[in-house]
Trainee: 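Here it is, the structure, as structure tokens.
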Amino acid sequence: MEVRCHKCGRAYSSIIPPSCICGEGLEITYDYSKVDVKKWRMRNRGVWRYKELLPEVKKIVSLNEGGSPLFKAKLSKELGLEVFIKDETRNPTGSFKDRFATVAVSYGLPFAENGFIVASDGNSAASLAAYAARANKEAFVVIPRRVDKGKLIQMIAFGAKIIRYGESVDEAIPYAKELAKLNGLYDVTSASNLIGIEGQKTLAFELWEELKPTHILVPTGSGSNIYSIYKGFKELLEIGAVEEIPKLIAVQTEKCSPIASEILNIKGKKEFTKALALYVKDPLNKEKAVRAVKESGGTAVLVREEELDMGERLLTKEGVFAEYASAVVVPALLKLKEENYFEKDDKIALVITGSGLKSFYEEKERSIMTGTKLEILRLLRDKPSYGYEIWENISKPMKYQAVYQHIKELESLGLIKEAYKRGRRIYYTLTGKGARILENLEE
Ligand SMILES: *Cc1c(COP(=O)(O)O)cnc(C)c1O
Ligand SMILES: [Zn+2]
């Protein structure tokens, strides 16, 4: 492995900081003439199958990450396209960040006497926590105020030291860097260290082996994943395995689109999005990501917040439960299809980056708390009430059965509960959680 500036050609011995004195980002390169892809096929699936194009390490810290399933989407038929799902939710901790963590922790081990640190909006932190635990090292994770509960539970379960800092991951990055310096921790944040990219790029190698896609839709937050995939294909180009890089399509939400809007040359927003893993306001990998998309001849798509639930639902019909940040690729695909962007023989890969099982935040509960459900919560805040009475007080004319269904759903969400019975009447009241959510909604 060599570290070079692709602009001025200077060579470096370290990947921290990840930039050249000329200001350009550094890149890790290898002796591409020595790579024989036939050897790959004889090895087990997974990130380390491609070891000639990974940094040399003394000891591999692995949980058998990568080698995720690829299968054809049922959507293909409806759309008249060849669409494939690359299911990264099946990685050890439930996201593609495990590809990053196995390489970052294995490589960083000799430098991590006091432990590892990462700035993350959730999945990288959950992943680092698991891999550091396996390596008997401490993991420090700097996470913003809003983090999905399931990811937080993973961090806690794996014993990570949790530091809450900032409103989005943007503020957490420089803070993690500072903590790393002060405490002698090895910082694996992809904005501060190139190493994780090397692991993430193996997704490109797998897609090449399994599919040879013409287009890849990638949910994009910091831009590290789409850049990694680009780097993987660039290396396949170097070793003569491909003649062309597939068209890379960066997908972001309209609410927060620093990379996509630059690609599309429009004015973008940097607001909160419920696709939490895509809430990166000033991605430090922006230039690299934009260059990757442009060089590949790809494009970018913006998705509205209201489309995220539809994306999630369509994926569940495929048997895949993804978080919003991954589900963005579905509305993006539909939009491109609408615009006749694809040709008949194109092979389109959707990168489903992370599992829906861990992404529960009150935002999500709020998003289903509309209309009738909200009205029921309001009624019950004033006084306990029973089904028939609630039905009579709902402003919109609807069947009793429908109101009853809402009541049951609110009960199963733990937002209302039985207060007491009078005769056959069951009186419901708000739970603490229900009161809190109602209060939040009315802020
Ligand atoms: C990290 C993450 C992303 C965004 O990837 P970037 O490399 O930051 O662009 C998308 N989806 C999920 C589930 C993630 O965890
Ligand atoms: Zn340089």
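Throughout, residue positions are numbered sequentially from 1 according to the sequence presented. Whatever order the structure lists them in is the order used to number ligands and atoms, beginning at 1.
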Trainee: To the nearest 10 degrees, could you say what angle the Zn ion (ligand 2) makes with SG of Cys8 and SG of Cys5?
Mentor: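 So the angle at the metal works out to 110°.
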
Trainee: Report, in ascending order of atom number, the atoms of ligand 1 lying under 4.0 Å from any heavy atom of Gly223.
Mentor: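 Here the atoms of ligand 1 in question are 6 (P), 8 (O), 9 (O).
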
Trainee: Below the 3.5 angstrom mark, is there an N/O of Ser224, backbone or side chain, next to an N/O of ligand 1?
Mentor: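 Looking only at distances, the answer is yes, because the N/O contact criterion of under 3.5 Å is met.
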
Trainee: Heavy-atom contacts with Thr220 under 4.0 Å: which atoms of ligand 1 show up? List them by number with element.
Mentor: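 Atoms satisfying the 4.0 Å criterion: 9 (O).
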
Trainee: Quick test: of every protein heavy atom, which one is nearest to atom 5 (O) of ligand 1, and how far off is it to 0.1 Å?
Mentor: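 Of every protein heavy atom, Phe96 CZ, 3.6 Å lies nearest to atom 5 (O) of ligand 1.
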
Trainee: Which of the atoms of ligand 1 are close to Gly354, meaning less than 4.0 Å from one of its heavy atoms?
Mentor: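 With Gly354 as reference, the close atoms of ligand 1 come out as 13 (C).
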
Trainee: Salt-bridged, Glu323 to Lys151, with N to O below 4.0 Å?
Mentor: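 Result for this pair is yes, salt bridge flagged.
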
Trainee: Salt bridge check: are Glu235 and Lys231 linked by an N-O gap of less than 4.0 Å?
Mentor: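 The answer is yes: the pair qualifies as a salt bridge.
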
Trainee: Which residue and non-hydrogen atom of the protein lie closest to atom 11 (N) of ligand 1, and at what distance in Å?
Mentor: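 Minimum-distance protein heavy atom for atom 11 (N) of ligand 1 reads Thr353 OG1, 2.8 Å.
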
Trainee: Check this for me - ligand 1, Lys97, N or O atoms closer than 3.5 angstrom, yes or no?
Mentor: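 For ligand 1, there is an N or O atom that lies under 3.5 Å from one belonging to Lys97.
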
Trainee: Any chance you could lay out the salt bridge (charged side-chain N to carboxylate O under 4.0 Å, His left out) test for Glu82 and Lys72, step after step, and finish with the verdict?
Mentor: CA-CA 8 Å; Glu82 300 278 299; Lys72 193 157 180 185; 3.1 Å; yes

Trainee: What about Asn123: any of its N or O atoms under 3.5 Å from an N or O on ligand 1?
Mentor: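 Min N/O separation from ligand 1 is below 3.5 Å for Asn123.
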
Trainee: Check Arg436 with Glu439, please: is the shortest side-chain N to carboxylate O separation under 4.0 Å?
Mentor: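 So Glu439 does not pair with Arg436 through a salt bridge.
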
Trainee: So, are Glu56 and Lys51 salt-bridged, with charged N and O less than 4.0 Å apart?
Mentor: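 Here Glu56 does not pair with Lys51 in a salt bridge, since their nearest N and O are not under 4.0 Å apart.
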
Trainee: Using every non-hydrogen atom in the two residues, find where Gly268 and Ser257 come nearest and quote the distance to one decimal.
Mentor: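 Nearest pair, atom of Gly268 first, then Ser257: CA-OG, 3.5 Å.
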
Trainee: Under 4.0 Å from ligand 1, counting heavy atoms only, is it the side chain of Leu278, its backbone, both or neither?
Mentor: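 Side chain only.
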
Trainee: Between Glu88 and Arg99, does any NZ, NE, NH1 or NH2 come within less than 4.0 Å of an OD or OE carboxylate oxygen?
Mentor: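 Salt bridge between Arg99 and Glu88, a charged N being under 4.0 Å from a carboxylate O: yes.
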
Trainee: How far is atom 4 (C) of ligand 1 from its nearest protein heavy atom, and which residue and atom name does that atom have?
Mentor: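 Protein heavy atom with the smallest distance to atom 4 (C) of ligand 1: Gly221 N, 3.6 Å.
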
Trainee: Based purely on interatomic distance, does Ser95 place a nitrogen or oxygen under 3.5 Å from a nitrogen or oxygen of ligand 1?
Mentor: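 No, there is no polar N/O contact under 3.5 Å.
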
Trainee: Are side-chain heavy atoms of Lys86 and Leu203 found at a separation under 4.5 Å?
Mentor: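 Yes, at least one pair of side-chain atoms sits under 4.5 Å.
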
Trainee: Strictly under 2.8 Å, is any N, O or S atom of His6 next to the Zn ion (ligand 2)?
Mentor: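 His6 does not place any N, O or S atom closer than 2.8 Å to the Zn ion (ligand 2).
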
Trainee: Just checking, Lys212 and Trp208: is the charged tip under 6.0 Å from the six-membered ring centre and within 45° of the axis?
Mentor: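 Yes - Lys212 lies over the ring of Trp208, closer than 6.0 Å to its centre and within 45° of its axis.
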
Trainee: Ser326 to ligand 1: N or O pair under 3.5 Å?
Mentor: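 No; every N/O pair is 3.5 Å or more apart.
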
